[in-house]
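One structure below.
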Amino acid sequence: MALIQTKPSLEAKNKTVKILDKKFLSDTVLLLTIENPGITFASGQHIIISFKDQIYDREYSIFSGEDEDTIQLLIKIVKDGYFTSVLNKCNIGDLLNFRGPHGNFCLDIINNEKKKHYLIATGTGIAPFVSFKKTYKNLIDFEVLHGVRKNDGATFQNLFENYKVCVSQNDGQKENVNIFYGRVTNYLKSIKVDKNGVFYLCGNFDMIYEVENYLVNVGVNPNSIFKEVYF
Ligand SMILES: Cc1cc2nc3c(=O)[nH]c(=O)nc-3n(C[C@H](O)[C@H](O)[C@H](O)COP(=O)(O)OP(=O)(O)OC[C@H]3O[C@@H](n4cnc5c(N)ncnc54)[C@H](O)[C@@H]3O)c2cc1C
């Protein structure tokens, strides 16, 4: 576990890896397990994968903890998406080109260990936060807000102690301690936010833009807001 680390300075590698497992957590969310080609990474980083002989590649956050032997990715299969349509049909044993790790959407343990961490995601934007939790276990005070369209199984109530899933399509279930019906930003507006906390925002641009604006308006220091935009 990389405890003494503010910024990853890890060497990016370009390798070929095998798909070891492929499991759907919901109709459209795939958990893909691939070989680790011998890299070390910092939780929050992403890799770039492509299929042999294809020109397109895509970035994916690492879902695994730093100490795990394999690399897992949490991937939304996008309707008519070029790359995810191919991934949807791939098989265990297929080969992928692998580049990385890249990025610095990582925790700053040295400066922020004692601060409250708000981890705010839409959809598969939860992936780097699962990696944080697996790596830092009980070290950090996390509060997780996870925006999803449907509460369909690709949520992670069992992993985080403080986890609220914000469901935008009301499926008739009652709200409870884990479920809020509405957008992440609406939930955020309904709670008292610790302005001295640190905020990690990951997923779609609209949510990130809306949440960042709200946080800055209520007095959060923009330097305490970290962002990873997927699309
Ligand atoms: C740093 C980084 C990390 C990323 N990590 C992840 C990750 O861990 N998991 C993951 O699922 N994606 C992640 N992405 C997005 C991913 O790289 C691809 O863009 C995504 O898989 C769509 O690729 P595609 O070729 O199938 O779709 P494309 O053919 O490129 O796009 C089709 C359409 O789908 C939209 N779209 C893209 N992603 C989504 C989505 N998740 N939900 C709904 N619509 C979408 C695009 O805006 C576009 O309009 C990440 C992106 C970045 C930049």
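First listed ligand is number 1; within each ligand, the first listed atom is number 1. In this text the structure is predicted, and so the values were computed from the model without any measurement.
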Just wondering, are more than 12 heavy atoms of other shown residues or ligands nearer than 6.0 Å to [atom1] in [X]?
X    : atom1 : value
R58  : CZ    : yes
Y56  : OH    : no
F24  : CZ    : yes
K227 : NZ    : no

Return the minimal non-hydrogen interatomic distance between T84 and I77, and the atom names on each side.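 The pair with the smallest heavy-atom distance is O-CD1, 3.7 Å.
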Considering all heavy atoms, the nearest S131-S43 contact: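 Closest heavy-atom pair between S131 and S43: OG-OG, 2.8 Å.
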Any N or O of D80 closer than 3.5 Å to N or O of ligand 1: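 No: no nitrogen or oxygen of D80 is under 3.5 Å from one in ligand 1.
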Does the protein place a non-hydrogen atom closer than 4.0 angstrom to [atom]?
atom                    : value
atom 2 (C) of ligand 1  : yes
atom 31 (O) of ligand 1 : no
atom 34 (O) of ligand 1 : yes

Nearest protein heavy atom to [atom], by residue and atom, and its distance?
atom                    : answer
atom 21 (O) of ligand 1 : Y60 OH, 2.7 Å
atom 19 (O) of ligand 1 : R58 CD, 3.9 Å
atom 10 (C) of ligand 1 : T124 OG1, 3.2 Å
atom 44 (N) of ligand 1 : F231 CE1, 3.6 Å
atom 13 (C) of ligand 1 : Y230 CD2, 3.5 Å
atom 29 (O) of ligand 1 : Y82 N, 2.9 Å
atom 16 (C) of ligand 1 : E59 O, 3.4 Å
atom 27 (O) of ligand 1 : G81 CA, 3.5 Å

Group every Ile, Leu, Val, Met, Phe, Trp and Tyr by side-chain heavy-atom contacts under 4.5 Å, then state whether I140 and F226 land in the same group.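 Per the 4.5 Å side-chain linkage, I140 and F226 are co-clustered.
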Between Y163 and T155, do the side chains contain an N or O donor and an N or O acceptor separated by less than 3.5 Å?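 No donor-acceptor contact under 3.5 Å links the two side chains.
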Between the side chains of Y200 and H117, is a donor N or O closer than 3.5 angstrom to an acceptor N or O?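 Note: Y200 and H117 side chains miss the donor-acceptor criterion.
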Looking only at heavy atoms of V78, does any of them come nearer than 4.0 Å to an atom of ligand 1?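 Heavy atoms of V78 do come under 4.0 Å of ligand 1.
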Using heavy-atom distances, let me know which of I48, T84, V29, L73 sits nearest atom 26 (O) of ligand 1.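 Looking at heavy atoms only, T84 sits closest to atom 26 (O) of ligand 1.
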Looking only at non-hydrogen atoms, which of I77, L74, V229, I75 approaches atom 9 (N) of ligand 1 most closely?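 Heavy atom nearest to atom 9 (N) of ligand 1 belongs to L74.
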Parallel, tilted or perpendicular for Y118 and F199, by the 30°/60° rule?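 If you compare the ring of Y118 with that of F199, the planes turn out parallel.
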Atoms of ligand 1 close to S61 [distance to a heavy atom under 4.0 angstrom, numbered from 1]: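 In order of number, 3 (C), 5 (N), 6 (C), 7 (C), 8 (O).
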